[in-house]
Protein chains: 2
Amino acid sequence: MSKNETKSDQHKERILNISREMFAQNGYEATTTRMINQAAGTAEGLMYYYFPHGKHEILDTIVHQGIINRVSELQAEFSECSTKTDLEEELMLMFDNIWQVFQDEENYQSFVITIHERTLLSNDQADWLLQVLEGLVDEIAKQLKAAPVLQSRPDSQFGPLARVIVSIFQKVIYDELLIKNNRQLTQQMRDQIKPQLSVVL
Amino acid sequence: MSKNETKSDQHKERILNISREMFAQNGYEATTTRMINQAAGTAEGLMYYYFPHGKHEILDTIVHQGIINRVSELQAEFSECSTKTDLEEELMLMFDNIWQVFQDEENYQSFVITIHERTLLSNDQADWLLQVLEGLVDEIAKQLKAAPVLQSRPDSQFGPLARVIVSIFQKVIYDELLIKNNRQLTQQMRDQIKPQLSVVL
DNA sequence: GTCTATAAACCGATAGAC
DNA sequence: GTCTATCGGTTTATAGAC
């Protein structure tokens, strides 16, 4: 938060960053406090000074700093899309931006941890993921409504349509990040999304 | 496989079933071999008779028996859908059937374990999930092509359209099973899917 | 705030009797 | 095949010096 961090705050953040990295890579249970302390270069006892409740408090802190902020900053601008092709390209651009969010290590790790360690979290802790997705649906719906090329559509269609588009994006992202374990945006992925957008618009 | 199981085979399956249950509920690392043996009612050493490579071999065996068989049995029949409403209802029925697959404890647990313990698995081990989804896309595409109400559409649209439909289903299932931790099929879910199908068909 | 040393419990795996 | 007993190593967490 504050710009002029004390040395101690740096230690705390070091522990958090290392932990986030290791939790995402090897899982929460498989990551020992020793591994964290060693990688962070801090002594055994120090961790319990910053996180009195131990290892689980580190996990809670990490999850609490989800990527909700950055994704909610995602904005679209379809108000100048006068043709279907324009709109498709604008939506592809939006997918690229969403994908880009996960290129940020911290965002990617928070996401993976929330999914993988779901059984250790409360419903509230996992909820930020749904909030991000709902926010995305709302933003896309709003922008679709402003797109000139879609003016002939009844108002009731924009909500479901936005949800379909998010579903298309979400499937690709989950398939790649969670199952294939791939973080590289390939042309193959874009070639698969584009005809789907084309068929629903 | 064989109908007349020996007593020993029962022991092996007991260990597998208990493990699958506990891995899904508490995670692989958090589940100790002692917990498994105690719940299965078998002695400490016996586990290593059936699984000489230890705990990880149990995980491998569980993942190897994924739900690939049952989901691939899912079939649709759209050849008598002469109106859009018919087709929508048939697709909703198909969603119900997919959801039903995860009501089977073994299927649900295999799914959750494959996602949560992804870091412990090879690409090949996680791949069965993608195969199931691809099989579903193919099946739906084939059936859409046979639907009378869609005969006016160009052939090239059926593939992308089927993929969109699977995306819609997959988003709901992942959101509910992986994030909300909900296994109950609610009317709210169906009310959300239906207008999406309506807008893409 | 940061360190070292260690407690107390637990882990996966094995040895060997029956 | 199934059991009991236990090894060697590791875990989270704490106590207490500086």
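Residue numbers begin at 1 in each chain, while the letters A, B, ... track the order of the sequences.
- A donor and an acceptor atom, one from each side chain of A:Asn17 and A:Glu21, are nowhere located under 3.5 Å apart.
- When the nearest nucleotides of DNA chain D are assigned to A:His53 and B:Gly41 by heavy-atom distance, the more 5′-ward of the two goes with B:Gly41.
- One interatomic measurement links the two molecules: CD of B:Glu29 to C1' of D:dT10, which rounds to 13 Å at whole-angstrom precision.
- For A:His11 and C:dG1, the shortest distance from a side-chain N or O to OP1 or OP2 is not below 4.0 Å.
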Between N or O atoms, less than 3.5 Å apart, protein on one side and nucleotides 4-7 of chain C on the other: list the pairs.
none

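- Distance, B:Met22 CE to C:dG12 P: 12 Å, rounded to whole Å.
- Applying the side-chain hydrogen bond (donor to acceptor under 3.5 Å, both in side chains) test to A:Asn97 and every residue at least two apart in sequence or in another chain returns nothing.
- Distances shorter than 4.0 Å separate none of the side-chain N or O atoms of B:Tyr48 from OP1 or OP2 on C:dT14.
- Side-chain contact between B:Phe23 and B:Gln109: absent, with no pair of heavy atoms (C-beta onward) separated by less than 4.5 Å.
- Here the side chain of B:Thr32 is nearest to one of D:dC3, C:dG12, D:dT11, namely C:dG12.
- At C:dT2, one or more side-chain N or O atoms of A:Tyr50 fall inside 4.0 Å of OP1 or OP2 (strictly under the cut-off).
- Judged as a side-chain hydrogen bond (donor to acceptor under 3.5 Å, both in side chains), and not counting sequence neighbours, the contacts of B:Gln65 are B:Arg20.
- The separation between A:Arg14 atom CZ and C:dT2 atom P is 12 Å, rounded to whole Å.
- B:Phe95 and B:Phe169 have their aromatic ring centers within a separation under 6.0 angstrom.
- In this structure, B:Lys12 is positioned above the aromatic face of B:Phe51, its NZ or CZ under 6.0 Å from the six-membered ring centre and within 45° of the axis.
- The interatomic distance linking B:Asn37 (CG) with D:dC3 (P) rounds to 10 Å, in whole Å.
- Between B:Met47 atom CE and D:dG1 atom P there is a gap of 18 Å when expressed in whole angstrom units.
- Taking the ring axis of A:Phe158 as reference, the NZ or CZ atom of A:Arg153 does not stay both within 45° of it and closer than 6.0 Å to the ring centre.
- Atom OH of A:Tyr49 is separated from atom P of D:dA13 by 19 Å (rounded to the nearest Å).
- Atom-to-atom, CD of B:Glu57 to C1' of C:dA13 comes out at 14 Å; the value is rounded to the nearest Å.
- Following rounding to the nearest Å, A:Phe51 (CZ) and D:dT14 (P) show an atom-to-atom distance of 15 Å.
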